[in-house]
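What follows is a short report on a single structure.
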Amino acid sequence: MSEHDGQRLLKRILAGLDESAGPLTHVELTPARAEHHAEWPSFAAEEVVDALRASGMRAPWTHQARAAELAWSGRHVVVSTGTASGKSACYLLPVLTALTEGKRDTALYLAPTKALGSDQVRSVGELGLSAVRAATVDGDTPLGERDWAAAHANWLFTNPDMLHFSLLPRHERWARFFRNLRFVVIDECHAYRGLFGSHVALLIRRLRRIAARYGADPVFLLASATAAEPGRSASALTGLEVTEVTEDGSPRGARTVALWEPPLESETGEHGAPVRRQAGAEAARVLADLVIEGARTLAFVRSRHGAELTALGAKRILGEVDNRLAGKIAAYRGGYLAEDRRGLESALDSGSLLGVATTNALELGIDIAGLDAVLVAGYPGTLASFWQQAGRAGRAGEDEPLVVFIARDDPLDTYLVHHPEAIFDRPVESTVLDPANPYVLGPHLACATAELPLTRAGLAEFGGAETAEPLLTELTEQKVVRARPHGWFWSSRDRPHGTVDLRGSGGGQIAVVEGDTGRLLGTVDAGSAPNSVHEGAVHLHQGESFVVDSLDLDEGIALVHAERPDWITTPREVVDIRVLETLVRQDHGGGVTSCLGSVEVTSQVIGYLRKLPSGKVLNQVPLDLPEQVLRTRAVWYTIGEDLLRNNAPGGAGLDPARIPGALHAAEHAAIGLLPLFATCDRWDIGGVSTALHADTGEATVFVHDGHPGGAGFADRGFAALVPWLATTRKAISACECPAGCPSCVQSPKCGNGNEPLDKQGAMAVLGAVLPVLRSGVT
Ligand SMILES: [Zn+2]
Ligand SMILES: [Zn+2]
């Protein structure tokens, strides 16, 4: 057994902790996997094979050869395999061969982040193939280099933003490139999900249209982290039939994975609820222990501020033991700059650093292999991300490393540490996106007409005439486009591209500005501004704390000053929901219906609470802010009064006074657990529950998408209603608290100050609803 064996490390960090009330909820040894090699594909150019050999690749693994051969034969292909499985070789083999032999052929590489793109262009450069003229085109590329790229480059490395703002609207300038476009590589394509994914899906349709205009029909090569149904997701993203390659031929070492629930603190939180030690503080303690053992460790923390606090906490603990050890801890705060990451990689490699706390910025495109341990403090939102982070530990065939997942005090994390099968036996989730969302599709139709007139036949690419025509009619009425017998034409001089925010909510942005200095700190979505940057709000920005002095929604500006008060703030809000259209309604008999449809959510922030970080409320401050209106998609279920009040077996047996608290608690927990079924964050969705809703005439629980038009989350919730609510009930019942806490039914984003909440009532409601849902549709 080696020195940094995971089991041994785990014993050391558990030493001295109380066994019976210990934080460990589960330990799993994930097995090793042997490697499978294939021959070099026969199509591959000799010099390409030589260059890859010289870079250290002995022979392709089976998945690399298969994906490369499919792409070379003209099939669109997605390879979906684990971390460090050499996904880049899948596209390097066909693309480099085409560029070497094809004389005029060109290729496009798309990455979700700039950092990843510049890493890839560097490694392609290092192969030293003279026929390959690779160039980065992103926001930082000087004009001269762009000119060179337009005239000469045969491989462009860019990102969706640049494709949208520059390459497509100015396609004439890139005519040579588009005419010869043979391959499009979409790297880390699982990053394109939700609203951002819907935008990118439409962007890719626009790209294909421009390529077709110049006579090109490129083959798409996608690389994804391990995901369920990668072929289906890749098809949704590209609008093409995509073949999936999922059999991973790369080797993997065994790993010890421990699930960890931080202990309860002596202090209590909101409404006297028990609170657990924060995941970041717990990670600091574990990180310090691992560094004392000499284990090279990466700790993933959800926020940048959190990563800094974790590093600071670990340094403080180590400072009491040995100051030299404290110097071996760092927070990774270098943003996405390639040089910063290089420095970090070499410091970890040489041992001058032993422990690094980071956000998920280091999840992608970093060359750190063979770490002894990885801490994941807080579920990163998807299993794909979780395994990607865990995959930073260990090198095949060597030490068996340790991975520790530390739960945050919320329903999802708590559920996961108590249900290991949801981590180890569950397929990785497929990505959700919805290119038919009218709030996303409309602006892209405008961009498309500005790039090239849009014909009626061309609508097939944009959701078909039924979906696209009403939006074009609207754009015509707004005089954005002109309708002509042959199709639609752009009718203004300004391009519409600047008004489309690929990564935002689509509702505009509010600038956050430091009052004294005029420094722009960043932006927040206009829709969420009343919640996040109202007057008096404590606003965190890259580890610095600010207090908001004023919010002007009309001017689109929030003025702040630097201040670090002892409290945090949470907005209080009144929310109303109206059903606009019920798209699907299922009557399950027994007094339960489930529905999917479009809704209008009206919300108004009426004040905020000042709270201690533990959740204890200090006071409430009123605010006067306008109403916000959000039109989006929702899933909801209704429960008849008989079922709610019936004391007989099968009924919820609730006194009328308890019904609002029971529904509210069931709504909170359901929002907390939906991310298990849809690839969303709990902050991407919202909910409303009411004992009597005007539109349904019954007790109703709504869960809705948080963005205009929705991003597919409510749809996914509707499709998975039974497992989702069953999991919600299990999560609540597993929580040991007496009357509700952040691990089960309290929510940090509740606009109602977590009142009323009835934990037992929620169990009763779900316990009555689930058997009816399971019995089917009548
Ligand atoms: Zn609880
Ligand atoms: Zn609430």
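Atom set for the values below is all heavy atoms of this structure, side chains included, hydrogens, waters and symmetry mates excluded. One-based numbering along the sequence shown. Atoms within each ligand, like the ligands themselves, are counted from 1 in listed order. Predicted model only: the values in this text are computed from it and were never measured.
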Under 2.8 Å from the Zn ion (ligand 2), which protein N/O/S atoms are there? H664 NE2, H668 NE2, C750 SG
Are more than 12 heavy atoms from other residues, nucleotides or ligands located less than 6.0 Å from atom CG of D624? no
Determine the minimum heavy-atom distance between A652 and A768, stating which atoms define it. N-CB, 3.8 Å
Closest contact, heavy atoms only, A377 versus A279: CB-O, 4.0 Å
Go through the side-chain N and O atoms of D587 and T593 and say whether any donor and acceptor fall under 3.5 Å apart. no
Does the side chain of V538 come within less than 4.5 Å of S545's, by heavy atoms?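 A side-chain contact exists here, since the closest heavy-atom pair is under 4.5 Å.
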Rounded to the nearest 0.5 Å, how far does CZ of R408 lie from CG of D413? 5.0 Å
